[in-house]
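Report on one structure; see the data block that follows.
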Amino acid sequence: MTIDQLMNWIPFGADWPALAFFAAVLVCALTVFLFIAVYALMAIYGEVKISSFMQDKVGPMGQGVGFHAGKWGLLQPVADAVKLILKEDIIPTLADKKLFIMAPFVVFIGAFISFAALPFNQHTVVSDLNIGIFYILAVGSLSVIGIILAGWGSNNKWSLYGGMRSAAQIVSYEIPAALSIITVIMLTGTLSMQGIIEFQKGTIWVILPNWIIFNNPFSFIAFFIFFISGVAECNRTPFDIPEAESELVAGAFTEYSGMRYAFFFLSEYAEMFVISAVATTAFLGGWNSPISGFFDGPGWGLFWFMGKSLFLVFVMLWFRWTFPRLRVDQLMSICWKVFLPFALVNIFGVAIWSLIIG
Amino acid sequence: MSRYFRNIFESISTLMTGLGITWRHMIRIRKDNVTLQYPEERWPRPERNIGFDFSEYNIIRSRLQVDIDDCIGCLKCERACPVQCIKIVTVKSGAKGEDLMDIGHTGLTSNGTKKALIVTRFDIDMSECCYCNLCVYPCPEDCIYMTGGPNSKKHPIDYEFSQYDRNDLIFKFAKEVEEEKMAKYLPQKEKVEA
Amino acid sequence: MGIVHGDLMTLNIGPQHPSTHGVLRLKVKTDGEIIADVEPVIGYLHRCFEKHCENVTYDQVIPYTDRCDYIAAMNNNFGYAVAVEELMDLKVPERVEYIRVIVSELNRIASHLLALGTFGLDVGAFTPFLYMFRDRERILDLFEVLCGARLLYNYIWVGGLSHDFPNGFEEKIIDFLDYFEPQLDEYNNILTFNKIFIERTADVGVMPAEVAISYGVSGPNLRGSGVKWDLRKDDPYSIYDKFDFNIPVGTGTVGTIGDCWDRYYVRMLEMSESINIVRQAIKALPSGDVHQALPKKIRPPKGSVYKRTESPRGDLGYYIESDGSPIPYRLKMRSPAFTALSVMGEISSGWMMSDVLAILGSLDIVLGEIDR
Amino acid sequence: MSDEQTKLIQEAVAKALAGNMDMINNIEDRVTRSKAKAALVKAKREAKKGAATSEETPSEEIVQAESPPEKSLNQKVAEAIEKKFPASLAGDDVDGHIQLTGANWFEIAHYLKDNPDFLFDSLQCVTGFDLGIENDLEVRYNLHSMTHNHTIEIRIQTDRKNPKIPSVEQVWRIGDWFERETYDMYGIIFEGHRNMTRILLPDDWEGWPLRKDYETQETYHGIVVQKVKDGWE
């Protein structure tokens, strides 16, 4: 539902438009926050369990008498959350207090406001901006400022390393990601998220859904470039050098504890979802059903969208628990020497392809 | 240029191999699982009595236990200990091999040896014990042993003897006796000490 | 490419740090990400091993040797026992020798598994570490059946062993080896030939052979530099001359000879050689009493001995001086990890922050042995 | 491997053997380069082996011709040292070890390392030693040659009051840490060592712990050092 619809429902909307707008935004914001919180708990549980399964163990399991972590450890993330909330809030004496306090929120805001343009199904989108995908790319990189603030504000050498690495990394990986999105925009001719999804309706080659990833070989490559750049932007393994725990202890987040650390955590998971959702929207048909004409409708739309996005989140977890970490210079060389040329070639390729075939 | 593409191809193929392995492990978790849910499931103790011919050897590393009634106070275990975590004090008993019921002293060990010494103190500091088992071998009466294993008839296994206070880990095995009762057995202050 | 030299920043890696393998402190001077100088600061785990040894009898030293290199305690026991036996001119029964070889080779596998796993952890791969630990657990289970302890065995005694093999133990070992051999391929697939891992380790921290020898580096680290030197072959102690096995050396398959990857891969190959040795030893295992040569009282004659054995980390030497009493007059342990760590400053300057920890991981140090 | 590569490698190895390493280092392809280096190592090893065998054969003949009682390695080393550095041997008994005075130890160490007959390129172990409360301190060096696979032990005594021995840290780099450790435990000062500080113990530790007359500090940083555990007299 867009904000406009929500405003129409509000009884005093006509009389107090400003107030109604504020109320509608508040409702949306709270809903999104709730969504992020619940999703993060689920994702933490998923990460714990999936990593355990990959490593031949079972993760948290509540068994036997007493109030353990619930059946199959389902209450474990809740327990983690409670622990993080109750923990002592430590601010180092020599830290730059203002920056130190501000940093988690700046990071979180970047991930949080991206949700405004995510189309969950045909109708559910906070605001269907006409420059939706551009907006998400723009605000998504806000988090880098937060991480630099955290790195600088902590007054810790490890944090500084983490912050600096993160700045270099995220800024670099914005470019291949954006260039891959350009191929999508060239095909669809629109920046609106819903518009991009509408474009991907129907089928191509009889049974294959008309998703952009299947549209032509170049967009197929573009999907992978975008997704891997996205992984790098979320600071996930193999690109987690800003918080590389075996080198930098916890990188930019070394000095954080309790709720402040939880915010970093939350925004990391939120960002993962945003990247996955954008990849879903731009390449995997958004809320479109894989079998065209079947399982359509708002409910199914939500299901498909969430299913595809969560699958991509799972792939990120899968990466994390399989790969070693790259070194900072290798990370850069992959970005500039592999992804960037490929992304540029993709743009030309798509242009020529749509001239000839389309 | 070909190296550039070969690198990319190698990366993709080797990384896919890795992903395949973790995927296989993930879907086979029911078979591969190695976790034990600790308080409910315990690690199976190695089967000792089944396959072992060497029942006289106590091959378990656990808490030390002393059957004080069998102890003759020979101090062999104390001398064998590399970390000096055993402390024994003995007193010469007037009558060799006789029961002294008022201080709970038995005259004969279960092997039938006559005891000449009364053990007044037998402390083991398990917080210092290095579980090397060296004190067990020299004991002539087999009265000091690690719990469990072949000794489980005498004493069940005790791996989890955690305490809140460090001093609670000092186990005192000698029978506590009031000093007045003890006094008459002290033969003119001839204290034997290690 | 010119490098702009700014002010150097001093960074303390450790003593509390996730990947210093214990309480090690690296005083690092950095120029941005580039390392200018590394100075290891050790001694945080000093437990006066040598002073202790001058106060306890020869058989009481064995539990202390366990605690030096706690990852490969069997090999430490072995080295000490061999040294004292040479001092006493003691001949041990053949069955004892075979069992010693079997357990110390199994322990070598366990130690290498830990080394490789934590090395993977240092470069960020979490899952292989747990796979390797899972298999290491199986070896420790075997040892628990054997002597009751999982880590600090006090198993190999001067002149013999504390226990014989239990019945059916040989089959258990064979079972384990049959299970374990295919796992090596899995490790190779998930970690060794992973492109990211190769990128991180190949050509990094190259240790030329001359540097390695001058720094007294030994064992897999030296072999990683392409020097074919293994005490089991070149100065055979115990009964290692009876077995047929290869000495893997670093060949620079994916980079330069002597880089981190070579040191890693030498360990990987050594595990299969150890499997090979254990199989041969079990096949030829004679019967006999393991306790018959145990001396009643260990009183070596006056004199000194320096005996080296090949522990998983390299040449483990014991220098023992006896004055004829049951207590060693002087016991010095030449620990391979000590020498391996000293080369750290030489080979890690000029590399990047992340590489320093990769190099440290590839050297496979155990702080218990360095600080003693 | 293509013929071109093989040719390149052969050429590079030939040049490197002649002393010009540039060509080998300038090979662009990493695989080829490493292969070339491997080939170079192999070639060098073969050359060395050839040289060794050619050296050994005549010496064996001489031994067979004269057939004197075969000299042990220790005797050979002792003789060589005596010849090159007179009056540096302390004691004639060279069966188990070689006792030196320590005056020319640094030069002797260089000589032992570089002499092609001995090539003691590896310092195995440096052991500090206390000969008794009344007597001197001693340092024992176990040397080893990777090429010849032989070992010797060298002992140097030094005065207890003013223990000083030349450092061999610059001969064998591992001497650096070994000597620091010996200094740490015995207080023997190695002259010429570039960083003679404690290594295992804290810098402000008092006394030399492994000396036989060592007594534990009463307090350390205000903490009373417990000699006996509480309740464990």
Side-chain angles (χ1 to χ4, degrees), chain C residues 39-48 50-51 54 202-203 209-218 222 226-229 234-235 251-257 259 303-306 308 315 317-321 323 329-335 338-343 345-346 370-372, chain D residues 30-31 33-38 40-42 45 96-97 113 121-132 138 140-142 144-147 149-153 155 170-178 180-182 184-185 195 197-203 205 209-212 214 216:
Chain C
E39 189 197 340
V41 180
I42 60 173
Y44 290 92
L45 210 58
H46 182 55
R47 290 146 304 161
C48 327
E50 285 162 20
K51 189 78 183 167
E54 291 176 13
D203 286 328
E210 310 86 66
V211 171
I213 291 173
S214 175
Y215 272 92
V217 176
S218 50
L222 181 63
V227 181
K228 204 164 184 159
W229 172 257
D234 290 299
D235 185 10
T251 51
T253 317
V254 295
T256 327
I257 292 180
D259 57 10
S304 67
V305 68
Y306 177 68
R308 297 171 298 166
D315 296 7
Y318 282 98
Y319 189 99
I320 303 173
E321 168 88 19
D323 59 351
Y329 185 76
R330 169 83 169 106
L331 196 151
K332 155 100 186 174
M333 180 186 185
R334 185 255 193 217
S335 65
F338 185 79
T339 56
L341 183 64
S342 74
V343 80
E346 174 88 20
I370 291 172
D371 294 343
R372 279 159 286 151
Chain D
R30 189 201 281 166
V31 178
R33 189 169 65 224
S34 57
K35 273 177 184 162
K37 283 193 176 168
L40 173 62
V41 170
K42 205 173 162 189
R45 200 178 290 152
H97 57 268
K113 190 188 177 189
D121 50 4
S122 165
L123 176 61
Q124 284 287 319
C125 185
V126 176
T127 313
F129 205 85
D130 188 345
L131 292 169
E138 194 173 68
R140 299 178 175 182
Y141 298 82
N142 290 85
H144 169 77
S145 165
M146 287 279 176
T147 341
N149 195 2
H150 55 214
T151 51
I152 54 165
E153 184 178 325
R155 298 183 180 178
Q170 291 175 39
V171 184
W172 299 284
R173 288 295 291 120
I174 183 56
D176 184 353
W177 278 27
F178 275 150
R180 275 177 73 188
E181 195 195 340
T182 313
D184 199 354
M185 296 299 167
N195 182 18
T197 48
R198 285 188 182 268
I199 187 167
L200 291 175
L201 301 179
D203 284 340
W205 195 261
L210 281 184
R211 286 197 189 182
K212 294 286 174 190
Y214 171 70
T216 322

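Below, read A as the first sequence line, B as the second, and so on, with proteins coming before strands; counting in each chain starts at 1.
- D:His144 and C:Trp229 have tilted rings, their planes meeting at an angle from 30° to 60° on a 0 to 90° scale.
- We find that C:Arg372 and D:Glu181 are joined by a salt bridge, their nearest charged nitrogen and carboxylate oxygen being less than 4.0 Å apart.
- Minimum interatomic distance between C:Ile42 and D:Leu200 (heavy atoms only, all atoms of both residues): CD1-CD2, 3.9 Å.
- Atom OG1 of residue D:Thr151 and atom CZ of residue C:Arg308 lie 6.0 Å apart, to the nearest 0.5 angstrom.
- For a residue to count as touching a neighbouring chain, one of its non-hydrogen atoms must lie under 4.5 Å from one of that chain's; by this rule D:Arg198 does not touch chain C.
- Between the C:Ser214 side chain and the D:Arg173 main chain, a donor and an acceptor come within less than 3.5 Å of each other.
- Only the side chain of D:Asn142 comes within less than 4.5 Å of a heavy atom in chain C; its backbone stays farther off.
- Heavy-atom pairs under 4.5 Å with chain D peak, among C:Cys48, C:Gly317, C:Pro40, at C:Pro40.
- Proximity of a side-chain donor or acceptor of D:Asn149 to a complementary backbone N or O of C:Asp234 within less than 3.5 Å is detected.
- Between C:Ser304 atom OG and D:Glu153 atom CD the span is 5.0 Å, to the nearest 0.5 Å.
- For C:Tyr319, the part lying under 4.5 angstrom from a heavy atom of chain D is the side chain only.
- Atom CG of D:Asn195 and atom CD of C:Glu39 lie 6.5 Å apart (nearest 0.5 Å).
- Between the side chain of C:Tyr329 and the main chain of D:Asp130, a donor-acceptor pair closer than 3.5 Å is present.
- Of the two parts of C:Leu341, the backbone and the side chain both hold a non-hydrogen atom closer than 4.5 Å to a non-hydrogen atom of chain D.
- Top candidate by heavy-atom pairs under 4.5 Å with chain C, chosen from D:Trp172, D:Trp177, D:Tyr214, is D:Trp177.
- To the nearest 0.5 Å, atoms CG (D:Asp176) and OG1 (C:Thr339) are separated by 12.5 Å.
- Separating the CZ atom in C:Arg330 from the NZ atom in D:Lys212 is a distance of 8.5 Å, to the nearest 0.5 Å.
- Using a 4.5 Å cut-off between heavy atoms, C:Asp371 touches chain D through backbone and side chain atoms alike.
- Residues D:Phe178 and C:Arg334 are in side-chain contact: their nearest non-hydrogen atoms beyond the backbone lie under 4.5 Å apart.
- Annotation: the span from C:Glu321 atom CD to D:Arg140 atom CZ amounts to 4.5 Å, rounded to 0.5 Å.
- No part of C:Ser218 comes within reach of chain D, as not one of its non-hydrogen atoms sits under 4.5 angstrom from that chain.
- Heavy-atom minimum distance, C:Lys51 versus D:Pro209: NZ-O, 2.8 Å.
- Heavy-atom pairs under 4.5 Å with chain C were tallied for D:Val171, D:Ile199, D:Asp184; the largest tally goes to D:Ile199.
- When heavy atoms are compared at a cutoff of 4.5 Å, C:Glu54 approaches chain D solely by way of its side chain, counted from C-beta outward.
- Heavy-atom distances place the side chain of C:Leu222, and not its backbone, under 4.5 Å from chain D.
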